[in-house]
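Computed from a predicted model, the values in this text were never measured in an experiment.
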Amino acid sequence: SPEAAEMAPKGKDAKATASKAAKAVKKNIKKKTLKPRYSVVFHRPKTLKRTRDPKYTKKSAVGLEKLDQYAVLKCPLTTESAMKKIEDNNTLVFLVDVRADKKKIKKAVQNMYDIQTKKINTLIR
């Protein structure tokens, strides 16, 4: 009958399997030893660091430059001292964006006014 196949084996087979199991239980008794710890502080083990492999790019388009020539030069300065500099020293005075460096200022003045600059002096005020 199909039920007999599912039940535990009888007779010699049962004794043989039981003795086999008893042997395995006796044989595999292992006392676990603790690994000695030489440091009080726990250091997390170094694991595998995978390289980035993105499925798509985060930015769809390259961003535009935030400081173009119009953003660099805000406005010309028209105070008395600035006017004196224009007349006496042949010097132009501009209010400029704080993030602009001398090279960007030079390029912006050249593009907007077609002037070859000799020297750029900056002052953060």
Side-chain angles (χ1 to χ4, degrees):
S1 72
E3 292 172 21
E6 291 175 23
M7 292 170 72
K10 291 180 182 174
K12 274 188 179 177
D13 291 340
K15 282 185 180 176
T17 52
S19 65
K20 223 181 199 181
K23 238 187 213 178
V25 168
K26 286 176 188 169
K27 186 174 148 187
N28 290 341
I29 293 174
K30 218 179 195 182
K31 195 169 186 184
K32 192 174 182 183
T33 57
L34 284 173
K35 186 178 168 189
R37 292 179 61 115
Y38 299 108
S39 175
V40 185
V41 184
F42 174 76
H43 294 286
R44 185 177 54 79
K46 303 277 188 286
T47 54
L48 177 70
K49 289 188 178 110
R50 294 181 176 273
T51 54
R52 289 183 179 189
D53 185 23
K55 301 292 177 256
Y56 64 94
T57 54
K58 296 285 182 191
K59 287 186 176 181
S60 59
V62 180
L64 294 170
E65 191 181 350
K66 288 180 175 69
L67 280 178
D68 61 339
Q69 60 189 20
Y70 302 105
V72 170
L73 297 179
K74 289 182 182 172
C75 60
L77 197 65
T78 55
T79 59
E80 282 185 36
S81 60
M83 288 303 183
K84 191 168 189 236
K85 273 196 173 122
I86 291 169
E87 292 163 7
D88 298 345
N89 304 339
N90 196 20
T91 305
L92 292 174
V93 183
F94 287 97
L95 288 180
V96 182
D97 196 298
V98 180
R99 297 167 294 172
D101 55 5
K102 289 188 177 186
K103 287 178 183 173
K104 284 182 184 169
I105 295 168
K106 187 173 189 173
K107 196 174 178 186
V109 170
Q110 191 174 355
N111 287 347
M112 290 178 77
Y113 296 102
D114 297 322
I115 300 170
Q116 294 297 319
T117 54
K118 190 174 178 184
K119 188 168 81 171
I120 304 284
N121 295 335
T122 56
L123 170 75
I124 297 174
R125 66 175 193 132

* **same_hphob_cluster(Phe94, Leu67) at 4.5 Å side-chain heavy-atom cutoff** => yes
* Set of side chain to side chain contact (heavy atoms under 4.5 Å, CB included) partners for Gln69, sequence neighbours left out -> Ala108, Asn111, Met112
* **Salt bridge present between Asp97 and Arg99 (N-O < 4.0 angstrom)** => yes
* Can you name the residues that form a side chain to side chain contact (heavy atoms under 4.5 Å, CB included) with Phe42, not counting sequence neighbours? -> Arg37, Arg44, Pro45
* To do: To the nearest 0.5 Å, tell me how far Leu92 CG sits from Ile115 CD1.
  => 5.0 Å
* So with a 6.0 Å cut-off around CG of Leu48, is the heavy-atom count from everything else above 12? -> yes
* Enter the distance from Thr51:OG1 to Lys49:NZ here, rounded to the nearest 0.5 Å. => 13.0 Å
* Is the number of heavy atoms from other residues, nucleotides or ligands within 6.0 Å of CG (Asn90) greater than 12? -> no
* Steps toward side chain to side chain contact (heavy atoms under 4.5 Å, CB included) verdict (Thr17, Lys15) -> CA-CA 6 Å; Thr17 52; Lys15 282 185 180 176; over 6 Å; no
* Nearest 0.5 Å please: distance from the OG1 atom of Thr78 over to the CD atom of Glu80. => 10.5 Å
* Just how far is it from atom CG of Asp68 to atom NZ of Lys104, taken to the nearest 0.5 Å? -> 10.5 Å
* Asked: Do Lys74 and Val72 touch side chain to side chain, with heavy atoms closer than 4.5 Å?
  -> no
* Asked: Is the number of heavy atoms from other residues, nucleotides or ligands under 6.0 Å of Lys102 NZ greater than 12?
  -> yes
* How many angstroms lie between CD in Gln116 and NZ in Lys106, if you round to the nearest 0.5 Å? -> 8.0 Å
* **Spacing of NZ belonging to Lys85 relative to CG belonging to Leu77, to within rounding of 0.5 Å** => 9.0 Å
* Would you check if Val96 and Thr122 make a side-chain contact, meaning some heavy-atom pair closer than 4.5 Å? => no
* 4.5 Å side-chain heavy-atom contact, Val109 and Ile120 -> no
* Connected via hydrophobic side-chain network under 4.5 Å: Tyr70 and Tyr113 -> yes
